[in-house]
Amino acid sequence: MSFLDKLKNQILIADGAMGTLLYSFGKDSCFEELNLSHPEQIQRIHKAYIEAGADVIQTNTYAANYLKLVRYGLEDSVKEINSAAVHNAKLAAGQDAYVLGTIGGNRGIKPDSITIEELKRSFREQLYCLLLEGVDGLLLETFYDLEELETVLTIARKETKLPIIAQVSLQEPGILQDRTPVNDALRRLEGLGADVIGLNCRLGPHHMLLALEQIELPEHAFLSAYPNASLPAYTDGKFHYEGDADYFRKSAQAFRNEGIRLLGGCCGTTPEHIRAFASELKNAVPIVEKVVKLKPKKITIDDRTPEREYPPLEKVVKERPSVIVELDPPRKLDSITKFFEGAKALKKAGIDAITLADNSLATVRIANEALGYRVKTELGMRPLIHLACRDRNIIGLQSHLMGLHTLGMNDVLAITGDPARVGDFPGASSVYDVSSFELIQMIKQLNQGLSFSGKDLGQKTDFSIAAAFNPNVRTLEKAVKRLEKKVEYGADYFITQPVFSEEKLIEVYENTKHLSAPIYIGLMPLTSSKNAEFLHNEVPGIKIADSIRDRMARLNDQPQQAVREGIEITKSLIDTALDLFNGIYLITPFLRYEITAELAAYTNQRANEIRGNFYVESTIQ
């Protein structure tokens, strides 16, 4: 009897986790490669699940695709690994169980990290390998991104008439990460030809049953569920699950009552968990009617725009010339007094915001959000907080942003961040869960009242998002393409790396004047020839014209005159920049705030002169 025919009249028990058992045996490399190097071990696990009562087993191919195998240098072994996996499963199953070819999702919380075209190519390669080996059906599992699952399901349905199980994974019960209600998502999968639709991974029995209460019985397809054993624990450097198999036995009837016909296990489950399910439900008759108890919760986001203490900088700089100044948080705790002296001087100079770097050059400094809050509350100044992807994972980034929102700091600069190895802790890890593009997109999502994972935050944030722009590159056109992409992702305006020549200012203007997002041009006063040579030769993203370096070199033995020369060079650049851009971004060297305070005052003076001349000319005309 076929797999689907059996599901019409009875509940079938599926197997549990493969990776969990391999991990517990000390195998923490590429589990799919073990199909080739340790086939007997894979077969033993398959047999253990069948002996526990599984009617259906899945091949050890969850990550056996190009996109995931490339991490281990095994991208050319897709066919070999998938073929061996089916062979191992069939040897173990014999006539006692159906064999499903498993294909796992690739996208997680970062949907745009892999293009649809890449997904299609990788999926087709693995799909054809499994179909050629003669599996009894396909299991598409652990798909957080509905677009990805719909894409691969459409391809699979065109290529085979075999049974297809399509399962989504939820961040929270009842709703996918893109806010699609789970009942709607499963109906869409049924409409695309899935024979079995359901849930797997992430949730244990308790939360998965809560989600199932919101799911109606399909018209033509059947329902499946593969819950996790529990939430994972981390002890002595290892992940482990503590779910009790008897807990699974007690929950089995509840799964039946929600209409489940294919019941297995996901992360943390073992043959004991499957034996518990089988002891209650093997060959049990499924229900054919169900009353949906709960409807998906309404999104309760407060649609009111949060009150801002300051207007967004992108609006300010579109209306008039604007000056912002970077004053780096100190490296030493006893330098805070000097920092606040500088902040006061800059306020007196009339700047619109003080920008605070996030451990620039991977060098440890006082946390910028702490100084930003003090600047805001004690001095009445707008802080612009830099946020690097280097030091925080996705959890930390969102928590940090929620904290900034709570403290009323709404201006952020989203940057990738210099790698840890360039800083004063070269052995530290660089996180980079996301790139600056994805961080921009995620902050925009917070502005819609949704977390990075799609959860309802109950309130919208109102972040104004700056993005970084490095014009000191060989091919400016490529850099501008990145700007255009950042605008697409949600950047409101740009802040550049320091520019050191009038020619570069004009080149930047000509190449960016079509952009709707305004630009703050970075200018950094030089303090000595040594400073100029270091920046030019050792700091990524900074290049200084030979003529400027020569001017500084002539004053190598005259430190005070060298500082004045650096100020005069910057003033000349300000004059040119103000003819082209409304935004000036001054970078303070070595906490020498008196330099940028003078330049900020000069910028405001020149801006007022320009506005006055424009008014006089307009009146004469």
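Heavy atoms only: backbone and side chains are in, while hydrogens, waters and symmetry mates are out.
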Using a strict cut-off of less than 4.0 Å between a Lys/Arg side-chain nitrogen and an Asp/Glu carboxylate oxygen, indicate whether [X] and [Y] qualify as a salt bridge.
| X | Y | value |
| --- | --- | --- |
| D96 | K47 | no |
| E216 | R187 | yes |
| D195 | K161 | no |
| K250 | D246 | yes |
| E172 | R179 | yes |

Q | Non-neighbouring partners of K90 that pass salt bridge (Lys or Arg N to Asp or Glu O under 4.0 Å), sequence neighbours left out | A |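 Scan of K90 (salt bridge (Lys or Arg N to Asp or Glu O under 4.0 Å), adjacent residues dropped) gives none.
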
Across all chains, not counting sequence neighbours, the salt bridge (Lys or Arg N to Asp or Glu O under 4.0 Å) partners of R392 are D358

If I take atom [atom1] from residue [X] and atom [atom2] from residue [Y], how far apart are they, to the nearest 0.5 angstrom?
| X | Y | atom1 | atom2 | result |
| --- | --- | --- | --- | --- |
| D15 | T269 | CG | OG1 | 8.0 Å |
| H405 | N410 | NE2 | CG | 7.5 Å |
| L22 | I45 | CG | CD1 | 4.0 Å |
| L217 | E258 | CG | CD | 9.0 Å |
| Y98 | L262 | OH | CG | 11.5 Å |
| L450 | D456 | CG | CG | 7.0 Å |

Between [Y] and [X], is there a side-chain heavy-atom distance shorter than 4.5 Å?
| X | Y | value |
| --- | --- | --- |
| F437 | K485 | yes |
| I415 | S436 | no |
| Q171 | R202 | yes |
| V292 | I215 | no |
| N65 | F123 | no |
| D178 | E147 | no |
| L387 | L439 | yes |
| L119 | L67 | yes |

Does the side-chain contact (heavy atoms from CB on, under 4.5 Å) test come out yes or no for S169 and N200, once each step is laid out? CA-CA 6 Å; S169 297; N200 84 290; 3.5 Å; yes

State whether the side chain of [X] and the backbone N or O of [Y] hold a donor-acceptor pair below 3.5 Å, judged by distance alone.
| X | Y | answer |
| --- | --- | --- |
| S83 | E80 | no |
| R256 | I287 | no |
| H273 | T270 | yes |
| E148 | R107 | yes |
| E438 | S435 | yes |
| E190 | H220 | yes |
| T59 | A85 | no |
| E32 | A64 | no |
| N82 | L130 | no |
| R261 | F222 | no |

So which heavy atom on [X] is nearest to which on [Y], and how close?
| X | Y | result |
| --- | --- | --- |
| L36 | A84 | CD2-CB, 3.6 Å |
| A17 | C267 | CB-CA, 4.2 Å |
| M18 | I42 | CE-CG2, 4.0 Å |
| A92 | I50 | O-CD1, 3.6 Å |
| V168 | L146 | CG1-CD1, 4.5 Å |
| M409 | E369 | CE-O, 3.4 Å |

L212 and side chain to side chain contact (heavy atoms under 4.5 Å, CB included): which partner among V182, L199, N257?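 Among V182, L199, N257, the one meeting side chain to side chain contact (heavy atoms under 4.5 Å, CB included) with L212 is L199.
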
Full working for side-chain contact (heavy atoms from CB on, under 4.5 Å) between D433 and L397: CA-CA 10 Å; D433 263 7; L397 286 170; 5.6 Å; no

Could you walk me through whether D136 and F3 satisfy the side-chain contact (heavy atoms from CB on, under 4.5 Å) test, starting with their C-alpha distance in whole Å, then the side-chain angles of each, then the deciding distance to 0.1 Å, before giving a yes or no? CA-CA 8 Å; D136 297 313; F3 170 69; 5.6 Å; no

Requested in this report: Carefully, step by step, assess D244 and R249 under the rule side-chain contact (heavy atoms from CB on, under 4.5 Å).
Outcome: CA-CA 9 Å; D244 184 354; R249 181 186 62 78; over 6 Å; no

Is it the case that [X] and [Y] place a side-chain donor and acceptor less than 3.5 Å from each other?
| X | Y | result |
| --- | --- | --- |
| Q10 | N283 | yes |
| E141 | T102 | no |
| S122 | E118 | no |

Sequence neighbours excluded, the answer for side chain to side chain contact (heavy atoms under 4.5 Å, CB included) partners of D5 is M1, S2, K8

Whether over 12 other heavy atoms sit under 6.0 Å from H87 NE2: no

**Message:** Using 30° and 60° as the class boundaries, would you call the ring planes of F248 and F277 parallel, tilted or perpendicular?
**Reply:**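 Ring orientation, 0 to 90° scale: tilted.
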
Can you list the steps and then say if D55 with K282 is a salt bridge (Lys or Arg N to Asp or Glu O under 4.0 Å)?
CA-CA 9 Å; D55 306 296; K282 192 173 179 68; 2.5 Å; yes

